[in-house]
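Note that the numbering runs from 1 along the sequence shown for the chain. The structure displayed is predicted, hence computed values, not measured ones.
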Amino acid sequence: MKAIVVTDQAAGTAGMTLVERPEPQASINDVIVQIHASGFVPTEMEWPSTWTDRAGRDKTPSIPGHELAGVVTALGYGTTGLSVGQRVFGLADWHRDGTLAEYVAIEARNLAPLPGDVDFTVGASLPISGLTAWQGLFQHGRLQSGQTVLAHGAAGAVGTMVTQLAREAGAYVIGTGRAADREKALDFGAHEFVDLENDTLKDVGDVDLVFDVIGGERPHGVRDEAARPRRRRPALADHLSSRPFFRTLTSDRRS
């Protein structure tokens with residue numbers, strides 16, 4: 001099969017190479033997925049799990065990428081819950097070969113059925129941003145219906161998921177970003193939008209939860225504290241220095 005591999009951490013994404021690799025074999029509780037779309041985060045080049053296995057041994061050449069959508073082609077011994085030919089999406093194990101390939105071996109528990117009306121590209125773009133949003137809102141933030149969420153970067157990959165999940169949970173969502181992001185944030189469900197280049201968070205009032213994947217100073221020196229959260233429960237730490245950046249890669253398969 002064709003796969004993208006990396007062998008030199010210092011080379012970063014410039015060291016990614018398209019090669020031929022053997023097709024993976026399914027272990028116990030695994031499935032083999034023929035990949036139709038996969039997601040890749042450039043910061044994977046900095047993750048130890050890209051370069052070593054769980055025992056700390058060098059595993060290069062390794063295949064990066066962890067988000068995927070595709071079709072199940074084989075089941076490992078003992079695998080239940082999925083069937084050959086089923087459309088799926090999910091998140092591959094950090095320490096195993098990833099999804100920038102034509103096929104991947106992955107534990108069945110890391111996959112979910114992909115509805116027939118959801119495009120493979122959409123499916124592959126959901127796992128990391130969706131789980132980040134879910135964990136931040138509900139596991140760390142303990143969001144409840146009727147509360148107010150201030151979502152920084154509301155038009156980004158994580159921010160749009162935060163907005164949709166929070167609104168679905170019955171929260172009032174105030175999105176932030178640049179002026180060009182206003183319509184996108186509102187289209188994804190934000191009740192209000194604050195243009196951080198021209199507006200001020202001081203007018204927002206009390207909020208229950210600040211979801212921050214940006215961190216640091218805002219434009220014009222505005223910080224989260226200006227929003228006067230009732231209980232300062234940031235879903236993600238303020239020390240994150242930049243927005244996550246995602247790429248979704250697709251194959252040329254039509255089915």
Check: Does the side chain to side chain contact (heavy atoms under 4.5 Å, CB included) test come out yes or no for Thr73 and Tyr103, once each step is laid out?
Finding: CA-CA 9 Å; Thr73 60; Tyr103 295 89; 4.2 Å; yes
Notebook entry, point to check: How many angstroms lie between atom OG1 of Thr200 and atom CG of Asp195, to the nearest 0.5 angstrom?
Noted result: 11.5 Å
Next item on the list: Any chance you could measure Arg182, atom CZ, to Asp199, atom CG, to the nearest 0.5 Å?
Entry: 6.0 Å
Note to self: If hydrophobic clusters are built by linking Ile, Leu, Val, Met, Phe, Trp and Tyr wherever their side-chain heavy atoms come under 4.5 Å apart, do Val173 and Val207 end up in the same one?
What the structure shows: no
Checklist line | Heavy-atom closest pair, residues Thr160 and Ala157 | finding: OG1-O, 3.2 Å
Note to self: Is any side-chain heavy atom of Ile35 closer than 4.5 Å to one of Glu102?
What the structure shows: no
Checklist line | Expected output: side-chain Lys59 to main-chain His95 donor-acceptor under 3.5 Å | finding: yes
Check: Shortest non-hydrogen contact from Phe211 to Gly136?
Finding: CE1-CA, 3.6 Å
Item checked: NZ/NE/NH1/NH2 to OD/OE distance under 4.0 Å, Arg87 and Asp117 -> no
Notebook entry, point to check: Can any side-chain N or O of Thr79 pair as donor or acceptor with the backbone N or O of Gly76 at less than 3.5 Å?
Noted result: yes
Next item on the list: Find out whether Leu201 and Leu196 are in side-chain contact, i.e. whether some heavy atom of one side chain is under 4.5 Å from a heavy atom of the other.
Entry: yes
Item checked: Ala69 to Gly123 - nearest heavy-atom pair and separation -> CB-C, 4.1 Å
Next item on the list: Carefully, step by step, assess Ile174 and His191 under the rule side chain to side chain contact (heavy atoms under 4.5 Å, CB included).
Entry: CA-CA 6 Å; Ile174 303 170; His191 294 87; 6.0 Å; no
Notebook entry, point to check: Can you tell me how far CD of Gln86 sits from CG of Leu75, rounded to the nearest 0.5 angstrom?
Noted result: 9.5 Å
Note to self: Less than 4.5 Å apart, side chain to side chain, heavy atoms only: is that true for Leu131 and Leu91?
What the structure shows: yes
Note to self: I want to check something: taking the side chain as every heavy atom from C-beta on, are Leu68 and Val104 in contact at a cut-off of under 4.5 Å?
What the structure shows: yes
Item checked: For the student: nearest non-hydrogen atoms of Leu100 and Gly65, plus distance -> CG-CA, 4.1 Å
Note to self: For Trp134, I'd like to know if atom CH2 has over 12 heavy atoms of other residues, nucleotides or ligands within 6.0 Å.
What the structure shows: no
Next item on the list: Test side chain to side chain contact (heavy atoms under 4.5 Å, CB included) on Val122 and Phe89 and set out the steps.
Entry: CA-CA 9 Å; Val122 174; Phe89 75 110; over 6 Å; no
Item checked: Glu168: salt bridge (charged side-chain N to carboxylate O under 4.0 Å, His left out) partners, not counting sequence neighbours -> none
Next item on the list: Compare all side-chain heavy atoms of Ile4 with those of Ile63 and state whether any distance is below 4.5 angstrom.
Entry: no
Atom pairs and distances, donor-acceptor, side-chain atoms in residues 23-33, under 3.5 Å, two or more places apart:
unit_1	atom_1	unit_2	atom_2	d
Asp30	OD1	Arg96	NH1	3.1
Asp30	OD1	Glu107	N	3.4
Asp30	OD2	Ser27	N	3.0
Asp30	OD2	Arg96	NH2	2.7

Next item on the list: Decide whether Phe193 and Val204 are clustered together by the hydrophobic rule: side chain heavy atoms of Ile, Leu, Val, Met, Phe, Trp, Tyr closer than 4.5 Å, transitively.
Entry: no
Check: With sequence neighbours excluded, what pairs up with Thr50 under the side chain to side chain contact (heavy atoms under 4.5 Å, CB included) test?
Finding: Val6, Glu44, Met45, Trp47, Ser62
Check: Any ion pair linking Asp93 and Arg54 (charged N to carboxylate O, less than 4.0 Å)?
Finding: yes
Notebook entry, point to check: Are Glu192 and Tyr172 close enough, and set up right, to give a side chain to side chain contact (heavy atoms under 4.5 Å, CB included), and what steps lead you there?
Noted result: CA-CA 9 Å; Glu192 298 180 32; Tyr172 188 87; 2.6 Å; yes
Check: Does Arg178 pair with Glu197 as a salt bridge, N-O distance under 4.0 Å?
Finding: yes
Note to self: Using every non-hydrogen atom in the two residues, find where Glu67 and Ile128 come nearest and quote the distance to one decimal.
What the structure shows: OE2-N, 2.8 Å
Check: Does any non-hydrogen side-chain atom of Lys184 lie less than 4.5 Å from one of Asp181?
Finding: no
Margin query: Using 0.5 Å steps for rounding, measure from the NE2 atom of His36 to the OG1 atom of Thr121.
Written below: 11.0 Å
Check: Looking at CD of Gln139 and CG of Leu137, how far apart are the two atoms once the value is rounded to the nearest 0.5 Å?
Finding: 10.5 Å
Notebook entry, point to check: Closest heavy-atom contact between Pro61 and Asp97?
Noted result: O-OD1, 4.5 Å
Checklist line | No-hydrogen, no-angle side-chain donor-acceptor test under 3.5 Å, Thr176 and His152 | finding: yes
Item checked: Heavy-atom check, side chain of Asp208 versus side chain of Thr148, under 4.5 Å -> yes
Margin query: To the closest 0.5 Å, what do you measure between CG (Leu165) and CZ (Phe188)?
Written below: 12.0 Å
Next item on the list: State, with a plain yes or no, whether a side-chain heavy atom of Met16 is found less than 4.5 Å away from one of Phe40.
Entry: yes
Margin query: Are Leu186 and Leu150 linked, directly or through intermediate hydrophobic residues, by side-chain heavy-atom contacts shorter than 4.5 Å (ILVMFWY only)?
Written below: no
